[in-house]
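Notes to accompany the following structure.
Position 1 is the first residue of the sequence, and the numbers go up from there.
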Amino acid sequence: MTDSTPVIEIRNLHKAYGALEVIKGVDITAPAGHVVSLIGSSGSGKSTILRCANLLEDSQQGDVIFCGEPVHWKGSGAGRHPGDHAQMIRIRTNLSMVFQQFNLWAHMTILQNVMEAPLTVLKRDKAEVEAAARKYLDKVGIGDKCDAYPAQLSGGQQQRAAIARALCMEPKALLFDEPTSALDPELEQEVVKVIKDLAAEGRTMIIVTHDMRLAADVSDHVVFLHQGKVEEEGPPTELFGNPKTDRLRGFLSATVS
């Protein structure tokens, strides 16, 4: 991988559930150090693209390329799946995903939640992992909650714990799937601040979001999806300041109102 090699490339991606085609030939590139936001109405395919990038979903056609390395596939069409298990695990461990609903383990403390994957998946030294976990919990502003359980935290605190957990894997990119949509506006701002700080550090991120202000503030590139296709894309100043298509103008008008 060279400095100019994108961390994630998706080329001509197609994904269907039975007869329903939800992704219809999408291209997305996330260069190193860049933030790419995916926007669009519910059902436009945003979250599905993220799950295909992380190999949580199998696509039927197209290429997924991680740091210049194409995913090896077996089979075709509905029977296509990753053909190299070791490669799949390696890619997943380097693409940390932050979900809408936090997905923290209720029976573990926050510190244990953050430490679990580096210990069990990466087999890292426990003392080293604990030091990193505490560092990342401090980074997201909840270092004092290490011994608390998820149920004792607010939604915003739980989502920040989920971000610390993703960071503790030391990934090459972070994937956010509607990270603020389950939160009320006050708690949402706690999480937005963390994401803005990560963007300012130059972390590679793909963010699926309904928050147009977040997309405008942190993105290098914004992709507007409509019915499984890229309808319009470009820098946030262009997309939000001078939308070229009627669909994007209508979407932004409805979102703002």
Side-chain angles (χ1 to χ4, degrees), residues 7-8 30 32-35 50-51 53-56 66-67 86-184 186-209 214 218:
V7 177
I8 303 166
H34 284 229
V35 179
L50 217 58
R51 294 175 69 84
N54 204 29
L55 306 181
L56 292 172
F66 175 71
C67 294
Q87 181 194 48
M88 180 179 71
I89 297 300
R90 187 172 68 255
I91 289 173
R92 278 189 188 159
T93 55
N94 276 287
L95 294 176
S96 285
M97 193 142 168
V98 178
F99 297 91
Q100 181 178 345
Q101 297 294 344
F102 325 137
N103 289 8
L104 298 172
W105 289 291
H107 66 290
M108 292 183 178
T109 66
I110 294 305
L111 182 62
Q112 289 169 336
N113 264 279
V114 175
M115 291 176 63
E116 179 66 11
L119 289 176
T120 59
V121 178
L122 301 181
K123 311 295 185 189
R124 282 167 50 194
D125 174 75
K126 185 175 181 181
E128 173 193 313
V129 170
E130 181 173 344
R134 290 183 183 276
K135 177 187 76 173
Y136 286 123
L137 286 166
D138 282 340
K139 184 184 186 71
V140 300
I142 54 169
D144 59 334
K145 301 296 184 184
C146 285
D147 298 325
Y149 288 86
Q152 297 171 305
L153 271 58
S154 70
Q157 290 170 330
Q158 289 187 59
Q159 190 61 294
R160 284 186 280 161
I163 294 171
R165 179 179 61 184
L167 289 169
C168 205
M169 290 293 284
E170 306 288 355
K172 287 192 165 64
L174 291 162
L175 307 177
F176 288 90
D177 189 6
E178 296 279 14
T180 59
S181 64
L183 306 174
D184 65 45
E186 185 179 355
L187 300 179
E188 184 175 336
Q189 290 315 301
E190 299 174 358
V191 176
V192 166
K193 182 185 181 304
V194 172
I195 294 172
K196 286 181 177 179
D197 289 346
L198 294 173
E201 289 176 6
R203 289 189 180 265
T204 307
M205 298 190 276
I206 299 181
I207 304 174
V208 168
T209 184
L214 173 64
V218 305

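Counting heavy atoms from C-beta outward, M97 and R92 have side chains that stay 4.5 Å or more apart. With contacts defined as side-chain heavy-atom distances shorter than 4.5 Å, the pair L50/F176 does not qualify. Using a 4.5 Å cut-off on side-chain heavy atoms (C-beta onward), P150 and N113 make contact. Annotation: side chain of M115 is in contact with side chain of K126 (closest heavy-atom distance under 4.5 Å).
Interatomic distance, I195 CD1 to E188 CD, rounded to the nearest 0.5 Å: 9.0 Å. A distance of 10.5 Å separates CE of M169 from CD of E116, quoted to the nearest 0.5 Å. Atom OG1 of T204 and atom CG of L175 lie 10.5 Å apart (nearest 0.5 Å). Distance CG/L214 to NZ/K193: 13.5 Å, rounded to 0.5 Å. To the nearest 0.5 Å, the span separating CG on L95 from CG on L55 amounts to 8.0 Å. Atom SG of C168 is separated from atom CG of L119 by 8.0 Å, given to the nearest 0.5 angstrom.
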Check your understanding: Where do M205 and L198 land on the side chain to side chain contact (heavy atoms under 4.5 Å, CB included) test, with the steps shown first?
Key -> CA-CA 9 Å; M205 298 190 276; L198 294 173; 4.0 Å; yes
Could you walk me through whether R90 and F66 pass side chain to side chain contact (heavy atoms under 4.5 Å, CB included), step by step?
CA-CA 10 Å; R90 187 172 68 255; F66 175 71; 5.9 Å; no
Point to revise | side chain to side chain contact (heavy atoms under 4.5 Å, CB included) evaluation trace for I163 with L174 | key: CA-CA 9 Å; I163 294 171; L174 291 162; 5.7 Å; no
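Partner V194 forms a side chain to side chain contact (heavy atoms under 4.5 Å, CB included) with one of Q159, Q189, R160 and no other, that one being R160.
Residue A166 comes nearest to V98 through the heavy atom pair CB-CG2, 3.8 Å, listed as atom of the first residue, atom of the second, then distance. Nearest approach of V114 to A164, heavy atoms of both residues: CG1-O, 3.8 Å. Shortest non-hydrogen contact noted between N94 and P171 is O-CB, 3.5 Å. Across A199 and V218, no two heavy atoms sit closer than the pair CB-CB, 4.0 Å. The two atoms that bring G156 and L187 nearest to each other are N-CD1, 3.9 Å, heavy atoms only.
With hydrogens and angles disregarded, no donor-acceptor distance shorter than 3.5 Å links the side chain of N54 to the backbone of L56. Remark: side-chain polar atoms of Q152 are paired, donor with acceptor, to backbone N or O of Y149 under 3.5 angstrom. Between the side chain of Q157 and the backbone N or O of S154, at least one donor-acceptor pair lies under 3.5 Å.
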Let me check something: any side-chain donor-acceptor pairs from residues 131-140 under 3.5 Å, sequence neighbours excluded? List them with distances.
unit_1, atom_1, unit_2, atom_2, d
R134, NE, E130, OE2, 3.1
R134, NH2, E130, OE2, 3.1
Y136, OH, E170, OE1, 3.0
Y136, OH, E170, OE2, 2.9
K139, NZ, E201, OE1, 3.4
K139, NZ, E201, OE2, 2.3

Which pairs would a plain distance check flag for residues 100-112, meaning a side-chain donor or acceptor within less than 3.5 Å of a matching protein atom at least two apart in sequence or in another chain?
unit_1, atom_1, unit_2, atom_2, d
Q100, NE2, S181, OG, 2.9
T109, OG1, Q112, N, 3.1
T109, OG1, Q112, OE1, 3.4
Q112, OE1, T109, N, 2.9

